[in-house]
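Below: the structure, in structure tokens.
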Amino acid sequence: MLETIRMNSKLDVNFTIVVPTYHEAKNIKPLIKRISHVDFGNRCFEVLLIDDNSQDGTIEIVNSLTSQYPWLRLIVRNQERNLSESVIEGFNNANYPIIITMDADLSHPPEKIPEMLAMLAEPNVDIVIGSRYVKGGSTDKRWPFIRKITSLLAALVTRTLFLTPIKDPLSGFLGIRKKTFTSGDLLKPIGWKIGLEIMIKCRCQHIREIPIHFSRRCHGASKLNFKILFNYLQHIVRLVCYRVFYRP
Ligand SMILES: Nc1nc2c(ncn2[C@@H]2O[C@H](COP(=O)(O)OP(=O)(O)OP(=O)(O)O)[C@@H](O)[C@H]2O)c(=O)[nH]1
Ligand SMILES: [Mg+2]
């Protein structure tokens, strides 16, 4: 009996890192290497890349790494490319009870994952956010000024509309229990801000933020464009309506 409880509590800390990828061929190897150097104790984990059929060599690179890193998995999607849908697909296919999601471009430090896992081990924490805007957090000094302003403004709009004290509600670096995700309402994100969608639809009430240093992407180009910014605004309006009309 005691042994079963011990085994179950050990299983509870195993985790999946979901990484959406699109045209990140040059970042895959450094990312996987960096993750492999993090000390996760005796937890089991997997890294699940969800690629939107990049055609830039990503698939071949991942395949060449799987013998060295048996915890590496790849799902290639053939639908129209969509970041949020990719993250959801990753969550649905995660084999472990805790899920971390992060970008592939090394903006998010994988070294912070053990801290996120430690917080998620507390029973009353629903979600942990890697935050640029709490005390101790920072963004790369070389991040373009316009990006900084847009990001801060979008965070301010979100905080005001949702009356939340969360400093970085639009971060893409998150940790959550799979059961919190599966017990939520159906996710229908329009744009990129899957984290916000999850927090609201999965009714995350106890939200923690840990400071991170957000680095500028190492290689490759950003996929952010005006359409995505417009989608963000649409998404926000839809989520506010959801809050007001369906789940006040
Ligand atoms: N599967 C999938 N992944 C995507 C898509 N668009 C972006 N991504 C991935 O989502 C993550 C975030 O995209 P980024 O282009 O880094 O966006 P950003 O962080 O706002 O911009 P920069 O870091 O400044 O380039 C990266 O890992 C991308 O490879 C997509 O359409 N499908
Ligand atoms: Mg990025």
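Both counts, for ligands and for their atoms, begin at 1 and track the order of listing.
A pairwise comparison of heavy atoms in I98 and V13 identifies CD1-CA, 4.4 Å as the closest pair. Annotation for A94 and L48: closest pair N-CD2, 4.2 Å, computed over non-hydrogen atoms.
Under a 4.0 Å N-O distance rule, the pair E111/R34 qualifies as a salt bridge. Between K167 and E209, none of the side-chain N atoms (NZ, or NE/NH1/NH2) sits under 4.0 Å from a carboxylate O, so this pair counts as no salt bridge. Look at R217 and D103 and you find no salt bridge, because none of the NZ, NE, NH1 or NH2 atoms lies under 4.0 Å from a carboxylate O.
Comparing N27, D140, L83, T101 by heavy-atom distance to atom 10 (O) of ligand 1, the nearest is L83.
Ligand 1 places these atoms under 4.0 Å from at least one heavy atom of A104: 26 (C), 27 (O). Applying the 4.0 Å criterion to heavy atoms of S86 picks out, from ligand 1, the atoms 1 (N), 2 (C), 32 (N). Within ligand 1, counting atoms from 1 as listed, the ones closer than 4.0 Å to a heavy atom of R81 are 5 (C), 6 (N), 30 (C), 31 (O). Close contacts of ligand 1 with E24, meaning ligand atoms under 4.0 Å from a residue heavy atom, involve 26 (C), 27 (O), 28 (C), 29 (O). Proximity to I50 (heavy-atom distance under 4.0 Å) selects the following atoms of ligand 1: 1 (N).
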Side-chain donor-acceptor pairs of residues 60-71 under 3.5 Å, sequence neighbours excluded:
residue	atom	partner	partner atom	Å
N63	ND2	I59	O	3.3
S64	OG	I61	O	2.7
T66	OG1	N63	O	3.0

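Scanning all protein heavy atoms for the shortest distance to atom 17 (O) of ligand 1 gives W192 CZ3, 3.1 Å. Nearest protein heavy-atom neighbour of atom 9 (C) of ligand 1: P20 O, 3.4 Å. Looking at atom 20 (O) of ligand 1, its nearest protein heavy atom turns out to be R147 NH2, 3.1 Å. In this structure, atom 21 (O) of ligand 1 lies nearest to the protein heavy atom S222 OG, 3.1 Å. From the protein, the heavy atom lying nearest to atom 32 (N) of ligand 1 is D52 OD2, 2.7 Å.
No N or O atom of F214 sits closer than 3.5 Å to an N or O atom of ligand 1. Inclusion of T21 in the set of residues having an N or O under 3.5 Å from an N or O of ligand 1 is warranted.
Both cation-pi conditions hold for K201 and Y242: the charged atom is under 6.0 angstrom from the six-membered ring centre and inside a 45 degree cone around its axis.
Contacts of D140 classified as side chain to side chain donor-acceptor pair (under 3.5 Å), with partners at least two apart in sequence or in another chain: R142. With sequence neighbours left out, K112 forms a side chain to side chain donor-acceptor pair (under 3.5 Å) with E115.
Between H108 and F173, the two ring planes are parallel [angle under 30°; tilted spans 30° to 60°].
Under 3.5 Å, the side chains of E24 and N27 contain a donor-acceptor pair of N or O atoms. Side chain to side chain, S151 and Y133 meet the donor-acceptor criterion of an N or O pair below 3.5 Å.
Heavy atoms of H23 found under 4.0 angstrom from ligand 1: none, in either backbone or side chain. Within the 4.0 Å heavy-atom criterion, the part of R217 lying near ligand 1 is the side chain and not the backbone. Residue contacts with ligand 1, taken as heavy atom pairs separated by less than 4.0 Å, do not involve V19 at all.
For F45 and F15, the ring centers are positioned less than 6.0 Å apart.
The 12-atom threshold is exceeded at NZ of K148, counting heavy atoms of other residues, nucleotides or ligands nearer than 6.0 Å.
Protein N/O/S atoms closer to the Mg ion (ligand 2) than 2.8 Å number 1 in this structure.
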